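A note on names: the letters A, B, ... follow the listed sequences, proteins ahead of strands, and every chain is numbered from 1. Keep in mind that this is a model prediction, so the values were computed, not measured.
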Amino acid sequence: MHWIDRVARALLKRGKKHVIASGISISGHIHVGHSNDVFIADGIRRAVEESGGKATALWYADDYDPMRRIPWPLNQGEHAERYRKYLGMPYIDIPSPDPEYENFVEYFSKSFVDSLRDFGVKVKVYSGAKIYRSGKMSRLVKTALENAGEIRKILNRYRSTPLPDDWLPYDAICEKCGKIATTKAFAWDGSVVKYRCEGCDYAPGCGHEGESDYTNGEGKLTWRVEWPARWKLLGVTCEPFGKDHAVAGGSYDTGRSIAKRIFNYDAPYPVPYEWVSFRGDRMSSSRGVVFTLPQWLEIAEPELLRYFIFRSKSMKAKDFDPGLPLLDLYDEFDMIEQVYFDRRDVAEPKRKKQYKRIYELSLVGPPPIRPVQRLPFRFAAVLCQVTQDEQHAIEIMTSKGILAKPSGRDIRLALIRLRRARNWVSKYAPERLRFRVLKEVPVEAVRRLTEKQKEGLARLADDLSSRDYTPVELHNRIYEIGKSIELKPSELFKAVYLALLGRESGPRVGNFVSVLDREFVIGRFRDAVNL
RNA sequence: GGGCCCGUAGCGCAGUCUGGCCAGCGCACCGGCCUUUUAAGCCGGGUGUCGCGGGUUCGAAUCCCGCCGGGCCCGCCA
């Protein structure tokens, strides 16, 4: 059974209706590592619904948290200086570097939130700032303040230095300097919390002493208390979260105790997950080691990211590399798709079931009724470099048997892939996979051809003008010609590449040459010979 | 100091919850396809002390204990 279904089953044992929460701090660009969170939440939502339960998934922007570090790219150049003064302020109150966006939060989160739909993720979006400012959190804040002593005890169980006696689980926003990280609450009365703006290790305080009305969202609960309060507020029954929270004595542990003892609420079913690294490096929005959802869509189908997340267990570390390893991801996805449609067999029935389930979870929409035919991405990466013309590409795909009697949908999917392949080649493909069919004879390169190589090209040109060749036949011709004129096939391969690309290697000759215009190739070979 | 994950074929991994057709997948590799395959060839092939040592069991990659190696997270910010 897939782990998502196991979670769903555990949830359904507890009840029929579920709220699965996800969310993150808006500490910079939201990357595919963060998206793990929402994707898992949404996957569970789907699984619960499929098993007859009711479920909603939500995504909560922690946009009322303070900015602790200036994120990339604002930590570069002139921005860095300009943004320093916002350190310690709630993200929501920080301006956008780009006037196109309303503020910092929108600047960093809009494209992410907007992309979710493309990935088939259906979540209700919440903003922490809005919730606090609407007053919805007031009752819970009050409960927390009333029970500050009890909460302190719970937290102290895991602390080496106990919290001070006058500690309150509240972070006020300084009415004078606007910072939230710098204040220390020391008393409360009615609807206000008294604070002093003392500063913190990354932001200076202004020394102001004031009162913060928590019923208007002039401050927020401190994280370890806010989390359980939020569970209660939104009725959260399940939540995936990064392994940092999952640590013993971490915020989930304390959150569970606080939820139970203070808010009289059972903590949500936890689903801890591992991080996603990027080319072996930890993704980090502050350092700019990011790969975002829109970037993903430039080079790969949304299903592929879902597949990437759901193919292995949540606590399994994943590494994403948009270079060569992306090709394997494509191939694997195409493989399980064929398994899904029983067009490919898998030895173990158990595994086959697993593949089918992973495939379903990877889909953005309902499963297609008819089997899907895919243009292999590796081939798309060659094809897109041979022709820019989509009609021509379709002709090649159909006439060369790459797609057998494709449906309209197959063609549409192939064209989308072709466009993505084009982006991939230009942005992420290693140099050796890139080529350009030269419009003119590459004189320099062709001068290096030996007489034998020229003879080979001449023969090849004659053959091509005499009849049609399939890619395989063409490939075989290289060997046959080589043999008949005592030229090593590899030399003839090189000659072909030199004449067309001006270099010594390229895509498989049979496929490559057969997708090119025949007259063009013949002419090119003859020109090369006669040079 | 605490917590988690990983260790299965050359590489990347699934399988571990619920012990028994679980020794498997992809790529790579090897052999053959006319002593021909550079980047969609075709067919065939598993190349393995399931990290190590104990234990439980009729039976262990799977459960328990210990150890070794690699990685990550938390240490009071979230």
Just by modelled atom types, is the A:G23 backbone N or O under 3.5 Å from a matching donor or acceptor in the A:D37 side chain? yes

Round to a whole Å and report the spacing from NE2 of A:H245 to P of B:G2. 23 Å

When you compare B:C27 with B:G20, how far apart are their C1' atoms, in angstrom units rounded to a whole number? 31 Å

Distance, nearest 0.5 Å, that separates CD1 of A:I173 from OG1 of A:T183: 8.5 Å

Check for me whether A:R230 meets the cation-pi criterion with A:Y60, that is, NZ or CZ under 6.0 Å from the six-membered ring centre and within 45 degrees of the ring axis. yes

How close or far is atom P of B:G12 from atom CG of A:D331, stated in whole angstroms? 18 Å

For A:Y479 and B:C34, give me the distance from atom OH to atom P, rounded to whole Å. 14 Å

Who does B:C67 pair with, Watson-Crick or G-U, both distances under 3.5 Å? B:G51

Please state whether the phosphate of B:C73, meaning OP1 or OP2, lies under 4.0 angstrom from any side-chain nitrogen or oxygen of A:R282. yes

Below 4.0 Å: OP1/OP2 of B:G12 and any side-chain N or O of A:K318: no

Under 4.0 Å between a Lys/Arg side-chain N and an Asp/Glu carboxylate O for A:R374 and A:E301? yes

Work out how far the P atom of B:C74 is from that of B:C65, and round it to whole angstrom. 27 Å

Atom-to-atom span, CD1 of A:I336 to P of B:C25 - whole angstrom: 16 Å

Presence of salt bridge, A:R357 and A:D5, under 4.0 angstrom: yes

Between B:G51 and B:U62, how far apart are the two C1' atoms, rounded to whole Å? 15 Å

Quick one: do A:K313 and A:E274 make a salt bridge, cutoff under 4.0 Å? no

Within the structure shown, what part of the strands sits under 4.0 Å from A:E226 by heavy-atom distance: base, sugar-phosphate, or nothing? nothing

From B:C34, B:C4, B:C6, nucleotide with atom closest to A:M315 side chain: B:C4

Could you give the distance separating B:C73 and B:G31 at their P atoms, to the nearest angstrom? 44 Å

Decide, yes or no, whether a salt bridge links A:K356 with A:D342 under the criterion of side-chain N to carboxylate O below 4.0 Å. yes

At under 4.0 Å between heavy atoms, what does A:K494 touch on the DNA or RNA strands: base, sugar-phosphate, or nothing? base

Does A:D244 reach a base, just sugar-phosphate, or nothing at all? Heavy atoms under 4.0 Å. base

Quote, to the nearest angstrom, the P distance that separates B:A28 from B:C34. 22 Å

From CZ of A:F435 across to C1' of B:U38 the rounded distance in Å is 13 Å

Which whole-number value in Å describes the distance from A:R378 CZ to B:G41 P? 9 Å

With P as the reference atom in both, quote the distance from B:G48 to B:G24 in angstrom, rounded to an integer. 14 Å

From the candidates B:U37, B:G71, B:C74, the one with an atom nearest any side-chain atom of A:V247 is B:C74

What is the nucleic acid contact for A:R9, judged by heavy atoms within less than 4.0 Å: base, sugar-phosphate only, or nothing? base

Quick one: label A:Y355 by what it contacts on the DNA or RNA (base, sugar-phosphate, nothing), any heavy atom closer than 4.0 Å. sugar-phosphate

Tell whether A:K243 reaches the base of B:C72 with its side chain through a donor-acceptor pair below 3.5 angstrom. yes

For a quick check of understanding: with a heavy-atom distance under 4.0 Å over all strands, which category does A:S27 fall into, base, sugar-phosphate or nothing? nothing

Hey, does the Lys NZ or Arg CZ of A:R196 hover above the aromatic six-ring of A:F186, less than 6.0 Å from the centre and inside 45° of the axis? yes

For A:W275, answer base if it contacts any base atom (sugar-phosphate contacts may also be present), sugar-phosphate if it contacts only those atoms, and nothing otherwise; contact means non-hydrogen atoms under 4.0 Å. sugar-phosphate

Could you give the CZ-to-C1' distance, from A:R477 to B:G41, as a whole number of Å? 18 Å

Suppose you measure atom P in B:G26 against the same atom in B:C5; what distance do you get, rounded to whole Å? 29 Å

Among the nucleotides B:A40, B:C73, B:C13, whichever has the atom closest to the side chain of A:K316 is B:C13

Nearest-Å distance for atom pair CZ/P, residues A:R374 and B:A40: 19 Å

B:C30 and B:U37, which share atom name C1', separated by this distance in whole Å: 16 Å

A:Q354 side chain, from C-beta outward: closest of B:U37, B:G15, B:G3: B:G15

Between A:P507 and A:K313, just flag the one whose closest nucleotide in RNA chain B comes earlier from the 5' side. A:K313

Any strand: nucleotide that pairs with B:U18 via Watson-Crick or wobble, under 3.5 Å: none

Would you mind classifying the nucleic acid contact of A:G510 as base, sugar-phosphate or nothing, using non-hydrogen atoms under 4.0 angstrom? nothing

What's A:S312 touching, base or sugar-phosphate or nothing? Going by heavy atoms closer than 4.0 Å. sugar-phosphate

Residue met sooner reading RNA chain B from 5', once A:R6 and A:M335 are mapped to nucleotides: A:R6

